[in-house]
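Have a look at the structure below, then the notes.
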Amino acid sequence: MFSLFKRLNIRNSRRLYSSLYNFSEDERMMKDAAENFAQEVVKPLVREMDNKMKLDSKLIEKLFSGGLMGIEIPTKFSGTGSTFFSAILVIEELARIDPSVAILVDIHNTCVNTLLLKYASEKLQNKWLPRLAADTIGSFCLSEASSGSDAFQLKSTAIPDKEGNYILNGSKLWISSSVEAGLFLVFANVDPSKKYKGITCFAVDPKAEGVSIGKPESKLCLRASSTCPLTFQNVKLTKDDVVGEVGKGYKYAIEILNEGRIGIGAQMIGLARGTLDISVPYTRQRVQFGKPISEFQSMQHQLAEVATQLEAARLLVYNAARLKDENQNFVKEASMAKYYSSEVASFTARKSVEWMGGMGITTDFLVEKFYRDNIIGAIYEGTSNIQLNTIAKYFDK
């Protein structure tokens, strides 16, 4: 046995394994840049944007100029040329200050940019990727009144004409970033008789004739993130606007949403960390019965429980992101990450409000906003029940 160990190069083999917190130099730089951006640029605007239900336009410009909107876009398209894991770190740090800003960056990077990078033609990539890295926000348009969790019951159609082009008709609901977007990736059926196998993805200019953007929803959570209904009435599209292959939209949507779920997990752990950044110092300053409330054993146990759950959620998210970057199967892990992170964010936000007592429900502190914002984690990009279904399906795989 000893001779076997002697034959192994133990020092070199150790380099193959590392902690999930062992970031590359590029990843560390992206994380630090996002943290500084969130503190210096986002934080002063959070309450104003939440009240106005609108993202600050100059903030969006700085997201682009800071390289946070083209994280995985190659440098040949003027992107940052980094990794999916870097995008996850950026989303987490932004959500730690404002989840509304984080979701803009999340959808743009993990859904829109990724879909075009993986499946769009060279012509579409050359047309859109440089813009998506520089100044144009992308929006992922899948949900409809009839297609929520059952996403492929969508009714929007893009019927081909004799020239091989398409006429898009239909409507979408709950479309994030729709007010700010300069590109819609729209899923519509080119042949309803084929059911989900007719679903195709199209790159649509929001300014095209026949495209209408409805009034932004007045929401409990993520109020600064625009969420609008869209209507498409006889919108003319060319065959060059097809993203990937005709009839493969359902496949693309599933794959992209699997990746997007890791992004939502990152948003939720960032949100949980943000609540603790406020509530934990408060427990150390608030004195009752002659000592800070953080020194009471019951409070220490609650803090320990939250810290442990948050650590577990964070590791689930990081592991799923690493698997994705390594081109390994990550479907189950992505669902676990999103499901558990949303549960932990909800628990952490509620506890933070409780720890701060009356101050926790006032707008003097952002804990109440985090408490509102956490609710969406169990709903969008696949509800918690859908995640549990997926986990059960892949339980032995």
- Item | Side chains of Ile199 and Lys251 in contact at under 4.5 Å (non-hydrogen atoms) | no

- Message: Pairing donors with acceptors under 3.5 angstrom, does anything connect the side chains of Ser24 and Asp26?
- Response: no

- Distance, nearest 0.5 Å, that separates CD1 of Ile213 from SG of Cys228: 7.0 Å

- Ignoring hydrogens and geometry, is there a side-chain-to-backbone donor-acceptor pair from Ser121 to Leu124 under 3.5 Å? yes

- Message: Does this structure show an ion pair linking Arg261 with Glu381, if we count only N-O contacts that are shorter than 4.0 Å?
- Response: no

- Message: Does Phe289 have more than 12 heavy atoms from other residues, nucleotides or ligands lying within 6.0 Å of its CZ?
- Response: no

- Are any of the side-chain heavy atoms of Pro292 and Gln285 separated by less than 4.5 Å? no

- Task: Report, as yes or no, whether the 6.0 Å neighbourhood of atom OH on Tyr252 holds more than 12 heavy atoms from other residues, nucleotides or ligands.
- Result: yes

- Verify whether one side chain among Glu144 and Trp174 offers a donor that lies under 3.5 Å from an acceptor in the other. no

- Determine yes or no for a side-chain-to-main-chain donor-acceptor pair under 3.5 angstrom, with Ser346 supplying the side chain and Ser342 the backbone. no

- Task: Measure from the side-chain N and O atoms of Asn169 to the backbone N and O of Asn234, and report whether any donor-acceptor pair falls under 3.5 Å.
- Result: yes

- Polar side chain donor-acceptor pair, Tyr318 to Arg314, under 3.5 angstrom: yes

- Charged N to carboxylate O under 4.0 angstrom, Asp373 versus Arg223? no

- Task: Kindly check if the number of other-residue, nucleotide or ligand heavy atoms within 6.0 Å of NZ (Lys291) is above 12?
- Result: yes

- Query: Do NZ/NE/NH1/NH2 and the carboxylate oxygens of Lys31 and Glu27 come within less than 4.0 Å?
  - Reply: no

- Query: Between Lys248, Lys324, Lys118, which is the residue that forms a salt bridge (charged side-chain N to carboxylate O under 4.0 Å, His left out) with Glu255?
  - Reply: Lys118

- Is the closest basic N to carboxylate O distance between Glu93 and Arg273 below 4.0 Å? yes

- Task: Answer whether the closest heavy-atom distance between the side chains of Thr227 and Ser178 falls below 4.5 Å.
- Result: no

- Query: Hey, is the main chain of Tyr339 close enough, under 3.5 Å, to the side chain of Ser384 for a donor-acceptor pair?
  - Reply: no

- First locate atom CG of Leu271, then atom OG1 of Thr348, and finally report the distance between them rounded to the nearest 0.5 Å. 8.5 Å

- Query: Within a strict 4.5 Å, meaning less than it, do heavy atoms of the Leu183 and Val204 side chains meet?
  - Reply: no

- Which distance, rounded to the nearest 0.5 Å, do you find between the CG of Leu142 and the CG of Leu257? 6.0 Å

- Message: Keeping Asn109 on the side-chain end and Ile71 on the backbone end, is there a donor-acceptor pair under 3.5 Å?
- Response: yes

- Message: Between Phe140 and Phe187, does the ring pair (Phe, Tyr, Trp, His ring centres under 6.0 Å) criterion hold? Intermediate values first, please.
- Response: CA-CA 9 Å; Phe140 191 81; Phe187 291 83; 5.1 Å; yes

- Task: Using the rule that two of Ile, Leu, Val, Met, Phe, Trp, Tyr join whenever any of their side-chain heavy atoms come within less than 4.5 Å, decide whether Met49 and Ile97 are in one cluster.
- Result: yes

- Distance in Å, Tyr371 OH paired with Ile375 CD1, rounded so as to fall on 0.5 Å steps: 6.5 Å

- Query: Between Glu354 and Lys351, is there a side-chain N and carboxylate O pair less than 4.0 Å apart?
  - Reply: yes

- Message: Could you check whether any side-chain heavy atom of Val235 comes within less than 4.5 Å of a side-chain heavy atom of Ile167, counting everything from C-beta outward?
- Response: no

- Which heavy atom of Ala133 sits nearest a heavy atom of Phe64, and at what distance? O-CD2, 3.6 Å

- Ile175 reachable from Leu185 in the ILVMFWY side-chain graph, under 4.5 Å edges: no

- Message: Using a 6.0 Å cut-off, check whether atom CD of Glu122 has over 12 heavy atoms from anything other than its own residue.
- Response: no

- Item | Other residues, nucleotides, ligands: >12 heavy atoms within 6.0 Å of Phe85 CZ | yes

- Would you name the heavy atoms of Leu310 and Ala272 that are closest together and state the gap between them? CD1-CB, 3.8 Å

- Distance col, row Asp135:CG vs Ser65:OG, nearest 0.5 angstrom, shows 11.0 Å

- Query: For the side chain of Lys219 and the backbone of Leu222, is there at least one donor-acceptor N/O pair under 3.5 Å apart?
  - Reply: yes

- Query: Which heavy atom of Met299 sits nearest a heavy atom of Ile293, and at what distance?
  - Reply: CB-O, 3.2 Å

- Side-chain H-bond candidate by donor/acceptor type, Ser147 with Gln153, under 3.5 Å: no

- Message: Walk me through whether Asn319 and Leu315 qualify under side chain to side chain contact (heavy atoms under 4.5 Å, CB included).
- Response: CA-CA 6 Å; Asn319 181 58; Leu315 293 174; 6.0 Å; no

- Query: At their closest point, which heavy atom of Val331 faces which heavy atom of Asn329, and how far apart are they?
  - Reply: N-OD1, 3.1 Å

- Item | ILVMFWY network linking Ile269 to Phe84, side-chain heavy atoms under 4.5 angstrom | yes

- Message: For the residue pair Ser226 / Glu180, report whether a side-chain donor-acceptor contact shorter than 3.5 Å exists.
- Response: yes

- List the steps and the verdict of salt bridge (Lys or Arg N to Asp or Glu O under 4.0 Å) for Arg96 and Glu92. CA-CA 6 Å; Arg96 192 175 174 184; Glu92 178 186 352; over 6 Å; no

- Smallest heavy-atom separation, Gly70 atom then Asn113 atom, equals CA-ND2, 4.0 Å

- Item | Side-chain donor or acceptor of Ser335 paired with backbone N/O of Lys332 under 3.5 Å | no

- Item | Closest approach of Ser146 to Lys155 (non-hydrogen atoms, all atoms of both residues) | OG-CG, 3.4 Å

- Message: With a sphere of 6.0 Å drawn around CD of Glu25, does it hold more than 12 non-hydrogen atoms of other residues, nucleotides or ligands?
- Response: no

- Kindly determine whether Phe184 and Asp205 satisfy side chain to side chain contact (heavy atoms under 4.5 Å, CB included), including the steps that lead there. CA-CA 6 Å; Phe184 291 150; Asp205 188 333; over 6 Å; no

- Hey, is Asp98 close enough to Lys369 for a salt bridge, meaning N to O under 4.0 Å? yes

- Message: Side-chain heavy atoms nearer than 4.5 Å, only ILVMFWY residues, links allowed to pass through others: does that put Ile386 and Phe152 together?
- Response: no

- Message: To the closest 0.5 Å, what do you measure between CG (Asn258) and CD (Glu333)?
- Response: 11.0 Å

- Side chains of Thr157 and Tyr166 in contact at under 4.5 Å (non-hydrogen atoms): no

- Examine Phe370 and Leu45 and state if one hydrophobic cluster contains both, with Ile, Leu, Val, Met, Phe, Trp and Tyr joined whenever side-chain heavy atoms are less than 4.5 Å apart. yes

- Got Thr80 and Ile73 here, is their nearest side-chain heavy-atom distance under 4.5 Å? no

- Query: Below 4.5 Å, heavy atoms only, C-beta onward: do Val41 and Leu59 meet side chain to side chain?
  - Reply: yes

- Task: Could you walk me through whether Met356 and Ile278 pass the side chain to side chain contact (heavy atoms under 4.5 Å, CB included) test, one step at a time?
- Result: CA-CA 9 Å; Met356 295 183 67; Ile278 301 169; 4.1 Å; yes

- Query: If you measure only the distance, is there a donor-acceptor pair under 3.5 Å linking the side chains of Ser279 and Ser352?
  - Reply: yes

- Message: Apply side chain to side chain contact (heavy atoms under 4.5 Å, CB included) to residues Val101 and Leu63 and explain how you reach the verdict.
- Response: CA-CA 10 Å; Val101 175; Leu63 285 169; 4.2 Å; yes

